[in-house]
Amino acid sequence: EVIAVDALARFMRLDGYDVRFQTGMDEHGQKIEQTARKLDIAPQALVDKVAAQFRALYDGLGISYDDFIRTTEPRHKTGAQEFWRRMSKDDIYLDKYSGWYSVRDEAYFDESELTQGEGGQKLAPSGAPVEWVEEESYFFRLSAYQDRLLELYEDNPGFIQPDSRRNEIVSFVKSGLRDLSISRTTFSWGVPVPDAPKHVMYVWVDALSNYITALGYPEPQGEMTRWPADIHIIGKDITRFHAIYWPAFLMSAKLALPKRVFGHGFIYNRGEKMSKSVGNVIAPQDLIATYGLDPIRYFLLREVAFGQDGNISHEALVQRMNSDLANGLGNLAQRVLSFINKNAGAVVPTPGALLPADEALLKAAQDLLPALRKEYAEQAFHRALDLIWQVIAASDRYVDEFAPWTLRKTDPARMNTVLYVLTQVIRQLATLVQPVMPASSAKLLDQLAVPKDKRDFAGLATPLAPGTALPAPQGVFPRFVEPAA
RNA sequence: CGCGGAGUAGAGCAGCCCGGUAGCUCGUCAGGCUCAUAACCUGGAGGUCGCGAGUUCGAAUCUCGCCUCCGCACCCA
């Protein structure tokens, strides 16, 4: 889920890291070529259209990517060809390939994997028709990498995450690796193999190399100095390619390996897999229009244990919106800020001596950042958010315990101290929630009069200055009310 | 067939690796408060932890068998 990657990237940026967040799309392959022919348009025109849709989607989701690479770009093609050349010559050899091929799956299947369809038609496990294909092909000596890959997994338990994915990959590799066909002659929509014009690269050599071609590979200077990547976040269905083929290719080309491959789960609609044929696909654009972008982002990161599959439903979404956002964070900010606005001169209050309870709440808020670093480092976004919300609950209890509306009459100085503590805490919370909800947290920080250049995590070290004028507060997270049926 | 995951209060989940009063969120019921977006706080009710057997002084937690659902296959990214 790109949103998760985005939140991670934003978190690291706010924490002072120089982040490069790149995404892109694979635009080659026989499937594209065929689809384009069916539509009677050029393949390039087809992928241009799709790419535009993707960019629009990402922009709509507020994705803060630094680069969006398409495999049809010249920079990718030349880079991919160079990558091919630099893979060890011992690893690439020419041979004949024959087997049952499914165009739809872009994969060959073993005889034993096929099922018998109607009229004797052989079908791939996916139900897609297969055809007997015999062609000249370049092969990659993947079999030679089995031990080195297992060693890699062994020495770096965190290389494939989550663990369940790792186990799958390890047992797959242990069961034996076969050499990989890495070129095709049956279609031409792809990157030509260097010095073998009849061949185009098989989709994965081509597509996987995007991670480095986007960095300017083979140019060793510039962005390429950032390689290796700290993490590849991918759909769990393509974990195999990223955790087996890609490291093997990189080893062959004598490049460093990414430090982690994270195969994330899928989002289900009410427990059902989204599928066009079932007609239960939820368009992100519709969700944003109905609920707003930040609530969606929050929901997806909070509700789903990242890495596992998750569910989305109107009911669950509304519940999160109303209880966590409107009643939780939103209400806390609103009750405190509007009280200050009405009863404490609309400025950051000046505190007196702090009581243990004050210290405790401030400490709880300050302790969040290191705790969040740990969770983000493990891509445990749901736990990170849970921690933040524990402090919100503690803050609500604190408000009730010290009841500023009573102190207003009995002890104004103490009231100011309480309100001061709360503004500091809310500021912490708003700052820490930025990676997940950039727009809403910005509004919150506006209301706390935090300068735009003081909103990163380093800025948290500087408390809000007492006496700073605060604007009139406005609700940031509206309750979701069912439209009248 | 095989490999993998899951079955715990009305709902969604944690706990299970490292056995010992079954926990969280939401909902629900009662009480409190009134600063706030009918919100917030406190307390209660609600579970034979899929089924059966075994190990053990003791099992949601370990072992074996069985049942059910799901993924590894479409789609989507």
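The shown structure was predicted, so the numbers you read here are calculated from the model rather than taken from an experiment. Residue numbers begin at 1 in each chain, while the letters A, B, ... track the order of the sequences.
At a threshold of 4.0 angstrom between heavy atoms, the contacts of Tyr58(A) are confined to the sugar-phosphate backbone, with no base atom among them. Using a 4.0 Å heavy-atom criterion, one finds that Phe477(A) contacts the bases of the nucleic acid, with or without backbone contacts as well. The residue Arg479(A) sits close to a base: some heavy atom pair falls under 4.0 Å.
Residues from residues 62-73 of chain A with heavy atoms under 4.0 angstrom of RNA chain B: there are none. Non-hydrogen atoms lying under 4.0 Å from RNA chain B are contributed by Asn331(A), Gln334(A), Arg335(A), Ser338(A), Phe339(A), all within residues 331-341 of chain A. Within residues 423-440 of chain A, no residue has any heavy atom under 4.0 Å from RNA chain B.
Taking atom C1' in both rC24(B) and rA14(B), the straight-line distance is 7 Å, to the nearest Å. When the P atom is compared between rC76(B) and rU8(B), the two are found 33 Å apart, to the nearest whole Å. The same atom, P, is picked in rG65(B) and in rU25(B); the two are 38 Å apart, to the nearest Å. Comparing the P positions of rG7(B) and rC51(B) gives a spacing of 13 Å, expressed to the nearest Å.
Between Arg260(A) and Asn156(A), the side chains place no donor N or O within less than 3.5 Å of an acceptor N or O (distance only, hydrogens not considered). Of the N and O atoms on the side chains of Ser64(A) and Asp6(A), at least one donor lies less than 3.5 Å from an acceptor on the other residue.
What separates CG of Asn416(A) from P of rC35(B) is a distance of 17 Å, to the nearest Å. Rounded to a whole Å, the NE2 atom of His242(A) is 12 Å from the C1' atom of rA77(B). His382(A) has its NE2 atom 12 Å from the P atom of rC13(B), to the nearest Å. Atoms CZ (Phe402(A)) and C1' (rU34(B)) sit 18 Å apart, rounded to a whole Å.
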For Watson-Crick and G-U wobble pairs within 3.5 Å on both distances, what is RNA chain B written in dot-bracket notation, | included for inter-strand pairing?
.(((((((.[[[[.)....(..]]]].(((((.......))))).....[[[[[..)....]]]]])))))).....

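Looking at Arg302(A) and Val436(A), their side chains never come closer than 4.5 Å, going by heavy atoms from C-beta outward. Counting heavy atoms from C-beta on, the side chains of Leu250(A) and Pro258(A) come closer than 4.5 Å.
Under a cutoff of 6.0 Å and an axis angle of 45°, Arg320(A) and Tyr298(A) do not form a cation-pi pair.
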Go along nucleotides 23-33 of chain B 5' to 3' and tag each nucleotide: B for a protein heavy atom under 4.0 Å from its base, S when only backbone or sugar atoms are that close, - otherwise.
---S-----BS

Under 3.5 Å donor-acceptor pairs involving side-chain atoms of residues 330-339 of chain A, not counting sequence neighbours:
| from | atom 1 | to | atom 2 | distance (Å) |
| --- | --- | --- | --- | --- |
| Arg335(A) | NH1 | Asp396(A) | OD1 | 2.6 |
| Arg335(A) | NH2 | Asp400(A) | OD1 | 3.2 |
| Ser338(A) | OG | Gln334(A) | O | 3.2 |

